[in-house]
Each structure stands twice: as C-alpha cells, then as structure tokens.
Amino acid sequence: VQLQASGGGLVQAGGSLRLSCAASGRTFSGYDMGWFRQAPGKEREFVARIAWNGGSRYYADSVAGRFTIARNYAKNTLYLQMDSLKPEDTAIYYCAASTRGGVLPSLYNYWGQGTEVTVSS
C-alpha cells in the first residue's frame, strides 16, 4: 500500500491542524493504521493508532485528549485531528500501515513520506 501524508504547516500554540493520509494500492481496510512523529534530534515516536475495522483507537499519553485519529474507508484516507497544539508537538508526522498493529515503528510495514508540523509559542 502507498501512503501520502499531507496537512502539515505552521500554527500557533493552542491552534489546530488536521493531517490526512491518502492510501492507494492494497486494500486500505485490511490494515491497522498509525501516526508517528519525529522531532529534530529525537527518535520516531508513536502518536496514535486505529484498528483495521475502526473498532479501537489508542493514543500516546502526550496527545490523549487533544488528538483524534479517524479513518474513512470510502476515501481510503486516515486522519489525525490535532487540537490544543503545543510547541512540543513540533515534528515531522508520518502515517503508517501495519498488519499487526502496536506502538512500535518496527511493526509497521508501509510508511508515508511525512508532513511537517511546526507549533510556535
């Protein structure tokens, strides 16, 4: 499956952004989907995941209550709604697809190219 992330940009602290990840190729519905992020000088970290059937969602503690992950099967698109953004949310955000799910990047088979989010204070 090919993934194309978009929607990043520059926003002030307290603002909102919605990231999108368009999937093509293999059946989108067959994969658990996740969002990860990587800040400069840091390792890639888990942000959120949603099960292949949309039945469960899981968030990193740092974003729980502020971010919402969702998927649209008709549009083959994954979303990440980010509210109450903080400067520490600044990073490149990646979408990924997995046949196994989980929070480790190594469990994800396919990756998008990343979209940059910058939150100013």
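- Heavy atoms only, all atoms of each residue included: Y73 and N53 are closest at OH-C, 3.0 Å.
- Judged by the 6.0 Å distance and 45° axis criteria, R37 is not positioned over the aromatic ring of Y94.
- At least one side-chain heavy atom of L85 sits less than 4.5 Å from a side-chain heavy atom of F67.
- Separation of atoms OG (S6) and CZ (R18) is listed at 9.0 Å; rounding is to 0.5 Å.
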What verdict does the side-chain contact (heavy atoms from CB on, under 4.5 Å) test give for E45 and Q38, after you've listed the backbone C-alpha separation in whole Å, the side-chain angles of each residue and the deciding distance to 0.1 Å? CA-CA 6 Å; E45 65 173 3; Q38 188 166 15; over 6 Å; no
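- Atom CG of residue L3 and atom CZ of residue F28 lie 8.5 Å apart, to the nearest 0.5 angstrom.
- Summarising the geometry of L80 relative to A48, their closest heavy-atom pair is CD1-CB, 4.3 Å, with the distance given to 0.1 Å.
- Cluster annotation: L19 is connected to I50 through the hydrophobic network of ILVMFWY side chains, with a link wherever side-chain heavy atoms come within less than 4.5 Å.
- Between L107 and S98, the closest heavy-atom pair is O-OG, 2.7 Å.
- Considering every non-hydrogen atom in both A39 and T90, the closest pair reads CB-O, 3.7 Å.
- In this structure, V11 and T118 have side chains that are not in contact, with every pair of non-hydrogen atoms separated by 4.5 Å or more.
- Y59 has its ring centre no less than 6.0 Å from the ring centre of F46.
- Separation of atoms SG (C95) and CG (L78) is listed at 6.5 Å; rounding is to 0.5 Å.
- With hydrophobic clusters built from ILVMFWY side chains whose heavy atoms lie under 4.5 angstrom apart, I69 shares a cluster with Y110.
- If you chain together hydrophobic residues whose side chains sit under 4.5 Å apart, I92 and W35 never meet in one group.
- Within the cation-pi definition used here (under 6.0 Å to the ring centroid, within 45° of the axis), R71 does not qualify as a partner of Y79.
- The nearest pair of heavy atoms linking A13 to P87 is CB-CD, 4.1 Å.
- Here the two rings, on F36 and W111, have centers that are under 6.0 Å apart.
- Looking at heavy atoms from C-beta onward, D89 lies out of side-chain contact with V117 at the 4.5 angstrom threshold.
- With a 4.5 Å cut-off on side-chain heavy atoms, V103 and Y58 count as touching.
- Taking each heavy atom of A23 and V1 in turn, the nearest pair found is CB-CG2, 4.0 Å.
- Put simply, the side chain of Q81 reaches to within 4.5 Å of the side chain of D83, judged on heavy atoms.
- Atoms OG and CZ, from S56 and R49 in turn, are 5.0 Å apart once rounded to the nearest 0.5 Å.
- Atoms CH2 and CE, from W52 and M33 in turn, are 14.5 Å apart once rounded to the nearest 0.5 Å.
- At a threshold of 4.5 Å between non-hydrogen side-chain atoms, the residues M82 and R66 do not count as touching.
- R100 and D32 are not joined by a salt bridge, as no carboxylate oxygen comes within less than 4.0 angstrom of a charged side-chain nitrogen.
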